[in-house]
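Note sheet for the following structure.
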Amino acid sequence: MSLLIFNTLTGKKEPFVPLRENQIGMYVCGVTAYDYCHVGHARAAIVFDTLSRYFQHLRYKVRFVRNFTDIDDKIINRANEEGTDWREVNRKYIAAFYEDMEKLNIAAPTEEPKATDHLPEMLDMIQSLVNQDKAYESEGNIFYAVKSFDGYGRLSGKNIADLRAGARVKINKTKRDPLDFALWKKSKPGEPFWESPWGPGRPGWHIECSAMSKKYLGDTFDIHGGGKDLVFPHHENEIAQSCGCTGKQPVRYWMHNGFVNIDKEKMSKSRGNFFTIREVYKKYHPEVLRLFLISSHYRSPIDFSEKNLADATTVLSRFYEGLASARKKTAQLNEESIPNFREKVNAHPVTKKFETAMNDDLNTAVAVACMNEELRNLNSAAANESASSLEKLAVATTAWETAGKILGLFFLTPEKFEEELFAIKNHSRNLDVGKIEKLIARRKTARQSKNWAEADRCRDELNAMEVVIEDTASGTEWKLR
RNA sequence: GGCACCGUCGCCAAGUGGUAAGGCAGAGGUCUGCAAAAUCUCUAUCGGCGGUUCGAUUCCGCCCGGUGCCUCCA
């Protein structure tokens, strides 16, 4: 049973074999810091965070690099629009990025390099390409000569001859070939610039990833990830640059996640059909968003909709409630009191099923299904009075919870989750908690005197406020529908 | 125009050459004063037409429908 990963380069699922035993080098394209992140960014972050967590579960040491593009036309434009400095734009949106990601329980990567901190590395690479005649200067710009690299197009499955250069973008007359791309762009007056052997300018977009992945992970590393939209030209160009420079294949496994759609169409900035992550947080819990995004396979498109988020909310609430009741039932047990606890957890059927799903190209959809199935067992066992089964329940609960944590779930206590969910649901309703509690107390009194009619009246009133009550052994509990 | 991908229950979503996971919604039962929660049971032959095969939803071809990439984009 080994891990299979779909490699964009070959178009097939391949057994994953790391370059160095027990150690993985992984580079994921981060964001250009010029605006708030949308749900598409969340998906990419979640996919590769989950992959990293799973690698760690498999006892690999992961060196995870995720960059920030902090110099680019869009950043400069945004600075002009907002009437500030481009550095201020970076500061603002990188801070926002961290806020959004933390709430999604995205773990910090090992390294988070920024393009502008790596000018020497980029200039070195460009120089090397120029020296080898794989890049040329034209009017203060440096372009990569695509024709000099015969592997160009392999990643994206494109035939260079088939590309209709200029079909959608004006042909730049300063290039020798329309497919050539900029390694270095001459700066225009008033733009930020760095000195170079070819005059003042700034790096092209693609070169930063080649330079930074090389610096932090070496000439060849295991995994490079990003959204499908980066396959061409970004990653294609990266291969051309890195390979052109070092003569080595830079990446062993290329992984690309599918898009988040709205009404079947790709969510994107240019279409304007996007929801920022922070907008979503106003109505749905961040962990709900995470669960929703891992409920489909990472390479499939996923349709973002209110119904889907609402369904995910229902499921996650069930997860947390099940976790709470299973833990409550096994509260008097601990790891030490159960012989070979860890081994039992690792050998538990849910652990095995979970690993089988994840080993199949990170099939989180099946992994979530496993959790749903096991939850039924957990709930049944938690409702069972038999003390002899408690040990089993404790093992099963930990196995189940561990699987959830690898998926990046259960980063809150059930109580905290419930509290935050309440806050989100109540945000638009603004219910009077005092009134709710008063009604529950009145119902309690009525029930004690078997005045069912009065008790039901109280409940109807609560129901009208979308308050659902639940009579348990330890008293009446309530939550928002 | 080139190159890819997708079309599975009302909705979401896995999957396999031998007759289809899971979730939401729905129906019924248990439990409950009644509810709720939990639990149990039930609900699809996989866009269409051909082909290959003992057998296809799963492979091949065509058609229909949808999407993506060929510009920046997770």
Side-chain angles (χ1 to χ4, degrees), chain A residues 11 28-32 34-35 37-48 69 72-74 153 156-170 179 181 205 225-234 236 256-261 263-271 274 291-292 295-297 299-303 305 307-315 317-318 321-322 325 353 357 360 363-380 382-384 447 450-453 455-456 459-460 462-463 468-472 476-479 481:
Chain A
V28 175
C29 287
V31 296
T32 299
Y34 77 105
D35 203 348
C37 289
H38 64 232
V39 179
H41 298 105
R43 184 176 197 192
I46 287 167
V47 165
F48 293 103
T69 297
D72 158 280
D73 287 342
K74 294 192 291 292
S156 52
K158 291 187 187 308
N159 182 341
I160 302 184
D162 292 341
L163 292 174
R164 286 172 92 199
R168 295 168 67 192
V169 70
K170 249 188 219 157
L179 286 174
F181 58 91
W205 174 39
K228 261 193 170 73
D229 42 4
L230 299 181
V231 176
F232 191 93
H234 186 53
E236 196 73 73
H256 295 96
N257 62 275
F259 300 135
V260 175
N261 292 165
D263 296 327
K264 309 265 185 204
E265 279 194 353
K266 177 186 174 187
M267 178 186 290
S268 72
K269 285 281 169 61
S270 49
R271 290 167 203 251
F274 62 89
L291 177 62
F292 162 64
S295 295
S296 306
H297 184 84
R299 284 188 285 116
S300 307
I302 185 168
D303 219 35
S305 74
K307 164 79 164 70
N308 292 156
L309 269 298
D311 286 357
T313 304
T314 305
V315 173
S317 296
R318 251 173 70 81
E321 282 166 23
S325 66
K353 277 193 201 166
D360 186 13
N363 198 331
T364 53
V366 170
V368 171
C370 292
M371 290 191 64
N372 268 303
E373 282 181 84
E374 181 62 16
L375 178 58
R376 279 204 303 273
N377 298 332
L378 245 43
N379 280 332
S380 296
N384 192 329
R447 290 182 76 222
K450 297 202 192 302
N451 184 352
W452 308 128
D456 290 349
R459 192 176 54 212
D460 289 346
L462 287 160
N463 254 112
V468 184
I469 56 167
E470 206 175 306
D471 296 325
T472 73
T476 298
E477 287 169 13
W478 63 276
K479 62 179 180 183
R481 188 178 295 130

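Order of the sequence lines fixes the chain letters, A, B, ..., with proteins taken first and strands second; residue numbering starts at 1 for each chain. Since the structure is predicted, the reported quantities are computational estimates derived from the model, not experimental observations.
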C1' atom, B:rG61 versus B:rU53: distance in rounded Å?
16 Å
Taking only residues two or more places apart in sequence or in another chain, which ones pass salt bridge (Lys or Arg N to Asp or Glu O under 4.0 Å) with A:R43?
none
Whole-angstrom distance between B:rC11 and B:rG26, as gauged at atom C1':
12 Å
Phosphate oxygens OP1/OP2 of B:rC69: is one of them under 4.0 Å from a side-chain N or O of A:K266?
yes
Those residues that, when tested against A:S380, pass side chain to side chain contact (heavy atoms under 4.5 Å, CB included) (two or more places apart):
none
Using a 4.5 Å cut-off on heavy atoms from C-beta on, say whether the side chain of A:V366 contacts that of A:D360.
no
Could you give the distance separating B:rG65 and B:rU71 at their C1' atoms, to the nearest angstrom?
28 Å
List for me each residue that meets ring-ring contact (aromatic ring centres under 6.0 Å, His included) alongside A:F48, sequence neighbours excluded, and say none if there are none.
none
Among B:rG15, B:rA74, B:rA37, the one nearest any side-chain atom of A:M267 is B:rA74
Between B:rG22 and B:rG29, how many Å separate the two C1' atoms, rounded to a whole number?
23 Å
Is any side-chain N or O of A:N363 closer than 4.0 Å to OP1 or OP2 of B:rG15?
yes
So if I define the base as every atom that isn't primed, P, OP1 or OP2, how would nucleotides 29-36 of chain B read as a B/S/- string at a heavy-atom cutoff under 4.0 Å?
----BBBB
Within less than 4.0 Å of OP1 or OP2 of B:rG68, is there a side-chain N or O belonging to A:R299?
no
I'd like to check the ring-ring contact (aromatic ring centres under 6.0 Å, His included) partners of A:H234; sequence neighbours left out, ordered by chain and number.
A:W205, A:H206
Partner residues of A:W452 under the ring-ring contact (aromatic ring centres under 6.0 Å, His included) criterion, sequence neighbours left out
none
B:rA25 to B:rC12 separation - P atoms, rounded to the nearest Å
15 Å
Counting only side-chain nitrogens and oxygens, does A:N379 get under 4.0 Å of the OP1 or OP2 atom of B:rU39?
yes
Does A:S300 have a side-chain nitrogen or oxygen under 4.0 Å from the phosphate oxygens OP1 or OP2 of B:rA14?
yes
If the C1' atom of B:rU67 is compared with that of B:rU41, how far apart are they to the nearest Å?
39 Å
